[in-house]
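Both ligands and their constituent atoms are indexed starting at 1 by order of listing. The model shown is predicted, which means the values in this text are computed figures rather than measured ones.
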Amino acid sequence: IKGSRVFSFENITERLQAKAHNTILEINLNAIVHNLNEYKKLLKPKTKVMAMVKAFSYGSGSYEIASLLQYHNVDWLAVAYADEGVTLRQRGITVPILVMNPEKSAFEAMFRYNLEPEIYSIKQFDEYLNEVEQYRAKNPSTDSTFKVHIKVDSGMHRLGFEQEDIPALLAALKENNHVKIVSVFSHLAASDDSKHDEFTKQQKRIFDSVYSTITDAIGHKPMRHLLNSAGISRFAEAQYEMVRLGIGLYGIDPSATMQQKLENVGTL
Ligand SMILES: *Cc1c(COP(=O)(O)O)cnc(C)c1O
């Protein structure tokens, strides 16, 4: 940048210069692997692990973390939005990926990139089934089954099917035999807090009951998963076929005994 002194172009160059910071966020990948293995010690050998890598793996990185977890044989990954899953697929991640907030506008990308939606309401499921039909009409040679995960509301009251919504879900499912339920799951509201253990147990009972209603009707038994990190360390009896490990991977667990076993992941 060149000009007469009076124009004070140094003000422009200052603005154009990349802001340089001395602050560095260091992510210790070995600590993530260590933490994964600490939780695995609490699991039965057959219990599968879905690793939560939503929101840039709680701020730790996207592809780097997913790739590490894939290498260490986690069974599933979960992201919040479809675009996070698309990015992982484009970078070469091949493990199954659950998308927790699948938006209607993203269904087609999810078909193309083999991303599996959380289905949490009948309205959303109808929209999904419509898109499946359109996609199959446009791609007549596709032989894929469309895998979905059914979210049950067992008391968190955020998203999910309640017992009384299940007949509508089953009816919609009957209309479309290209869609397969691979799992039924629910989320605990207070698995970290012993004050609420009675509530947590009630959530489990509601989950069990909704699951039976579903399996009685569909004639096969999808996987079940209920536990988040705190749930894994506090409610080992509710592991079912899979658990959803989130914040514990990144070094944080509300249970004091578990916290002692975890290694610190992020250092600023
Ligand atoms: C984030 C999330 C988890 C993981 O919870 P942590 O407490 O971080 O282990 C599990 N299930 C669902 C549905 C989530 O959104």
Side-chain angles (χ1 to χ4, degrees), residues 31-32 34-43 47-62 65-66 69 74-82 84-85 88 96-103 115-121 124 148-162 182-194 196-197 199-200 203-204 206-207 210-211 222-236 238-259 261-266:
I32 294 182
H34 169 89
N35 296 340
L36 173 65
N37 289 329
E38 285 300 321
Y39 281 95
K40 277 193 180 165
K41 286 183 196 164
L42 305 176
L43 300 177
T47 307
K48 291 181 163 51
V49 175
M50 175 182 277
M52 310 308 281
V53 295
K54 63 189 177 196
F56 294 101
S57 306
Y58 296 53
S60 307
S62 146
I65 309 296
L69 293 167
V74 303
D75 301 278
W76 248 271
L77 295 173
V79 294
Y81 293 99
E84 300 170 63
L88 295 181
I97 300 178
L98 164 69
V99 177
M100 291 189 295
N101 299 289
E103 292 159 306
L115 304 171
E116 304 165 3
E118 164 181 325
I119 300 296
Y120 55 77
S121 77
Q124 180 228 11
V148 300
H149 300 257
I150 303 295
K151 170 76 152 293
V152 171
D153 181 0
S154 59
M156 177 107 179
H157 298 317
R158 193 163 60 181
L159 296 171
F161 289 88
E162 294 180 46
V182 271
S183 87
V184 176
F185 72 107
S186 189
H187 194 48
L188 297 174
S191 60
D192 55 330
D193 191 342
S194 58
H196 298 299
D197 282 355
F199 185 78
T200 301
Q203 282 199 270
K204 180 178 184 299
I206 291 171
F207 176 61
V210 175
Y211 180 79
M223 293 185 300
R224 295 163 290 176
H225 41 113
L226 180 63
L227 300 180
N228 61 347
S229 307
I232 300 169
S233 42
R234 300 194 59 247
F235 295 93
Q239 286 174 25
Y240 298 108
E241 288 72 47
M242 186 154 73
V243 295
R244 297 187 307 276
L245 180 56
I247 192 138
L249 263 181
Y250 310 103
I252 295 163
D253 193 290
S255 122
T257 44
M258 196 59 197
Q259 183 64 60
K261 296 180 186 151
L262 300 179
E263 284 179 7
N264 181 60
V265 169

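- Under a 4.0 Å heavy-atom criterion, E118 is not in contact with ligand 1.
- Between A230 and ligand 1, a contact under 3.5 Å exists for no N or O pair.
- Among all protein heavy atoms, the one lying closest to atom 9 (O) of ligand 1 is S229 OG, 2.5 Å.
- The protein atom (non-hydrogen) at minimum distance from atom 7 (O) of ligand 1 is N228 ND2, 3.2 Å.
- Polar contact check, H187 against ligand 1: a nitrogen or oxygen pair lies under 3.5 Å apart.
- Here the closest non-hydrogen pair linking M50 and A78 is SD-CB, 3.8 Å.
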F207/Y240 under ring-ring contact (aromatic ring centres under 6.0 Å, His included): CA gap, chis, key distance, verdict: CA-CA 11 Å; F207 176 61; Y240 298 108; 5.4 Å; yes
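- Residue M52 approaches ligand 1 through these ligand atoms, each under 4.0 Å from one of its heavy atoms: 2 (C), 3 (C), 4 (C), 10 (C), 11 (N), 12 (C), 14 (C).
- By the 6.0 Å contact criterion, CZ on F56 is open, its count of non-hydrogen atoms from other residues, nucleotides or ligands being 12 or less.
- The single protein non-hydrogen atom nearest to atom 2 (C) of ligand 1 is K54 NZ, 2.5 Å, given as residue, atom name and distance.
- Which of Y58, F185, Y250 comes nearest to atom 4 (C) of ligand 1 through a heavy atom is settled by distance: it is Y58.
- Taking both residues in full, the closest heavy atoms of Q124 and E118 are given as NE2-O, 2.9 Å, listed atom of the first, atom of the second, then distance.
- Residue R244 has at least one heavy-atom neighbour below 4.0 Å for each of these atoms of ligand 1: 10 (C), 11 (N), 12 (C), 13 (C).
- Ring orientation note: the planes of H225 and H149 are nearly perpendicular, at an angle over 60° on the 30°/60° scale.
- Closest protein heavy atom to atom 13 (C) of ligand 1: M100 SD, 3.6 Å.
- A salt bridge does not link K261 with D253: none of the charged nitrogens is closer than 4.0 Å to a carboxylate oxygen.
- Of all the heavy atoms in L245 and S229, the pair that sits closest is CD1-OG, 3.5 Å.
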